[in-house]
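The next block holds one structure in the form of structure tokens; read it before the comments.
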Amino acid sequence: MPGPSRWQRLTENATELSSEAIHLTPLSRRVFRITDVQDDRILIEYRDDQDTVSLQREQFEGLYDRIQDTRDGFEFGRLPPNAEPYATVLNLHPRIEVDSQERRLHESDDTVASPLIDVDDDEIEDQSDQGETDGVIGEMLDNMGQPKNRVVCPIDGCQYSHRSAASVARHVSGSGTGTHIWANTDYVGWRDFVRKQN
């Protein structure tokens, strides 16, 4: 997001919003407000936490560049845990659009209303009744799938499981125990394991 014009458009749109407007993070669905717009950052405050969070201009620029570098848009699942509000606020830029179905951000020539910006309070009440998990990581994982879809470690007696076959493969390959070796499984190696899980 080099150059001041993109940043200026983003901050102008952020300033035009009502200070009472509420917004949602894309995965964990945390509610926040924009409390201040400054030269090099945008300040937000989560509804469930009174601490002010500073969103830095450089991070917005990096996210915008990543969106431009991807043909199919930038998936929300690739966001670091504390970067979710960047995706929401960046959606204030007229060239950035949220695709809720595909769960990604992408560039667009059309200005489209965002489902994450200036959200109706009634929608939020429906979601908050479901309760909150501990921390953003837990919330993100809950939105990524059900426990029944977990891949189990192929080593006999190991209880490790994960939603991602690649994570289980890293667990086996990176373990320091003598039992966690691919020779103790029915798989040739980690690639074979991952391929057969899909």
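- Note that the CZ atom of F193 and the OG1 atom of T185 stand 8.5 Å from one another [nearest 0.5 Å].
- Here the CD atom belonging to E107 is positioned 9.0 Å from the OG1 atom belonging to T70, to the nearest 0.5 angstrom.
- N91 places a side-chain N or O within donor-acceptor distance of the main-chain N or O of I96, the cut-off being under 3.5 Å.
- More than 12 heavy atoms of other residues, nucleotides or ligands lie within 6.0 Å of CG in D40, so this atom counts as buried by the packing criterion.
- Judged as a side chain to side chain donor-acceptor pair (under 3.5 Å), and not counting sequence neighbours, the contacts of W182 are S173.
- Within the 3.5 Å criterion, the main-chain N or O of E84 finds no donor-acceptor partner in the side chain of T25.
- For CG of D39, the number of neighbouring non-hydrogen atoms (other residues, nucleotides, ligands) closer than 6.0 Å is 12 at most.
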| request: Check the pair V152 / V168 against side-chain contact (heavy atoms from CB on, under 4.5 Å), numbers first and verdict last. | output: CA-CA 7 Å; V152 178; V168 175; over 6 Å; no
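- By the side chain to side chain donor-acceptor pair (under 3.5 Å) test, Y86 pairs with no residue at all, sequence neighbours left out.
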| request: Please test D192 against K196 for salt bridge (charged side-chain N to carboxylate O under 4.0 Å, His left out), starting from the C-alpha separation and ending with a verdict. | output: CA-CA 6 Å; D192 183 43; K196 289 179 178 174; 3.3 Å; yes
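- Under a 4.0 Å N-O distance rule, the pair R66/D69 does not qualify as a salt bridge.
- Aromatic pair H106/F74: ring centres not closer than 6.0 Å.
- Residues passing the side-chain contact (heavy atoms from CB on, under 4.5 Å) test with V53 are I44, Y46, L55, sequence neighbours excluded.
- Among residues two or more places apart in sequence or in another chain, the salt bridge (charged side-chain N to carboxylate O under 4.0 Å, His left out) test is passed with E45 by R33.
- Salt bridge annotation for D72-R104: absent, with no cationic side-chain nitrogen under 4.0 angstrom from a carboxylate oxygen.
- Taking N184 as the reference, I155, T179, I181 meet the side-chain contact (heavy atoms from CB on, under 4.5 Å) condition, with sequence neighbours excluded.
- Counting heavy atoms of neighbouring residues, nucleotides and ligands inside a 6.0 Å radius, atom CD of Q159 does not exceed 12 of them.
- Qualifying side-chain contact (heavy atoms from CB on, under 4.5 Å) partners for S54, counting only residues two or more places apart in sequence or in other chains: R41, L43, Q56.
- If you run side chain to side chain contact (heavy atoms under 4.5 Å, CB included) between L105 and each of D99, L79, T88, V98, only V98 comes through.
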| task | Check the pair Y160 / V172 against side-chain contact (heavy atoms from CB on, under 4.5 Å), numbers first and verdict last. | result | CA-CA 10 Å; Y160 181 83; V172 174; over 6 Å; no
